[in-house]
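Order of the sequence lines sets the chain letters (A, B, ...), proteins ahead of strands, with each chain counted from 1.
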Number of protein chains: 2
Amino acid sequence: MGTMENEPTHACLGEQHAENGVAVQLPDPLVCARTAAIFRALGDVSRLSLLALLAQREMCVSELTEKLSDNLPAISQRLKLLRSERIVRSRRQGKHVYYSLADNHIALLISNGLEHGSEEPHG
Amino acid sequence: MGTMENEPTHACLGEQHAENGVAVQLPDPLVCARTAAIFRALGDVSRLSLLALLAQREMCVSELTEKLSDNLPAISQRLKLLRSERIVRSRRQGKHVYYSLADNHIALLISNGLEHGSEEPHG
DNA sequence: CAATGAGTTGATTGATTGATGAATTGATCG
DNA sequence: CGATCAATTCATCAATCAATCAACTCATTG
């Protein structure tokens, strides 16, 4: 819109904000982007349910379909998205394609999240 | 399997899927829903950048606005959403409202995520 | 109590995104 | 090879979501 580039609408006029003397460092935009992408991928009930199963053991698409009482193309779509974010890995064996969590870091992220979700009293 | 209700489009016909003999337990839908909501809230670059700042120390809305070079209403909106998910807490002091991460569990979730996002080579 | 600065709320709009089902590929076996 | 089961891909449509800005609240100060 304006030629005024990036002018903040509001700001504490002239106030010094380092009240406690501790300077903060801006997060790396690239790191934030990658991390947010992962969180976004985990932030869907269907996908998270799927991952909660894969956190227990490797499973093929049809078994996931069966356990989640959903249709196979839907599961496959979700797995594709999760694989594009390197959250799951796939391995073909005959007619079946087996999926598992990509690494232990992801497994921890998921179990920590689920733990938090379990503990929450309510709201 | 009795009636036609909820018939999956595809399934491994008659195959036994517990090849390794380990039964999986379905995740609690309520836990999944709450956890997914938290992950979804973390899964946005603007919100995550904001949280990365709050992970360092408590800050008021204007300081966040300044550090993130954004406009105040936008920041406030994001904080509102994060507060509704109990990810941040707010505390008023005079004209200023100070925000911080809601609890240590959330702080860990965020720092673990960012750590993962830093390590990833790329693709 | 008027003025000002800090923050919130509400409504609208544009962009993402997830669900769905048909068509396609890949693999095994008779 | 042709049949069949497993899985992926593609395109469309509806629902969700984030940005934006004006209007409003709340607290302080002159």
Under a 4.5 Å cut-off applied to non-hydrogen side-chain atoms, are L53(B) and P27(A) in contact? yes
5'-most contact on DNA chain C (nearest-nucleotide basis), G94(A) vs D44(A), goes to D44(A)
Tell me, which pairs form a salt bridge (charged side-chain N to carboxylate O under 4.0 Å, His left out) where one or both residues lie in residues 40-49 of chain A, sequence neighbours left out? none
Under 3.5 Å, is there a donor-acceptor pair between the side chain of Q56(B) and the main chain of A52(B)? yes
Enter the distance from S46(B):OG to Q77(B):CD here, rounded to the nearest 0.5 Å. 12.5 Å
Can you tell me if Y99(A) touches the phosphate of dT8(D), counting only side-chain N or O atoms and a distance under 4.0 Å to OP1 or OP2? yes
Integer-rounded Å distance: dA19(C) P and L81(A) CG: 10 Å
Under 4.0 Å between a side-chain N/O of R92(B) and OP1 or OP2 of dA6(C), yes or no? no
Check whether S111(A) reaches the backbone of L108(A) with its side chain - one donor and one acceptor, N or O, closer than 3.5 Å. yes
Phosphate contact (dA18(D) OP1 or OP2) by S46(B) side-chain N/O below 4.0 Å: no
Taken to the nearest whole Å, CG/N71(B) to P/dA22(D) is 11 Å
Hey, which sits more toward the 5' end of DNA chain C by its nearest nucleotide, L79(B) or A74(A)? L79(B)
How many whole angstroms separate atom NZ of K95(B) from atom P of dA6(C)? 6 Å
Rounded to whole angstrom units, what separation is found between the CG atom of D70(B) and the P atom of dG7(C)? 14 Å
Is the phosphate of dA6(C) approached by Y98(B) (side-chain N or O, under 4.0 Å from OP1 or OP2)? no
Under 4.0 Å between a Lys/Arg side-chain N and an Asp/Glu carboxylate O for E85(B) and R34(B)? no
Measuring from I110(A):CD1 to L101(A):CG, what's the distance to the nearest 0.5 Å? 5.0 Å
Between C1' of dA19(D) and CZ of R78(B), the distance in whole Å: 8 Å
Between C1' of dG5(C) and CG of L72(B), the distance in whole Å: 11 Å
Write down the distance between CG (L64(B)) and P (dA6(C)), rounded to a whole number of angstrom. 14 Å
Each nucleotide N or O in nucleotides 9-17 of chain C that has a protein N or O under 3.5 Å away: list the pair and distance.
{"residue": "dG10(C)", "atom": "O6", "partner": "Q77(B)", "partner atom": "NE2", "Å": "2.5"}

Could you give the CZ-to-C1' distance, from R91(A) to dA7(D), as a whole number of Å? 15 Å
Have a look at I75(A) and say if it touches a base, only the backbone sugar-phosphate, or nothing, with a 4.0 Å heavy-atom cut-off. nothing
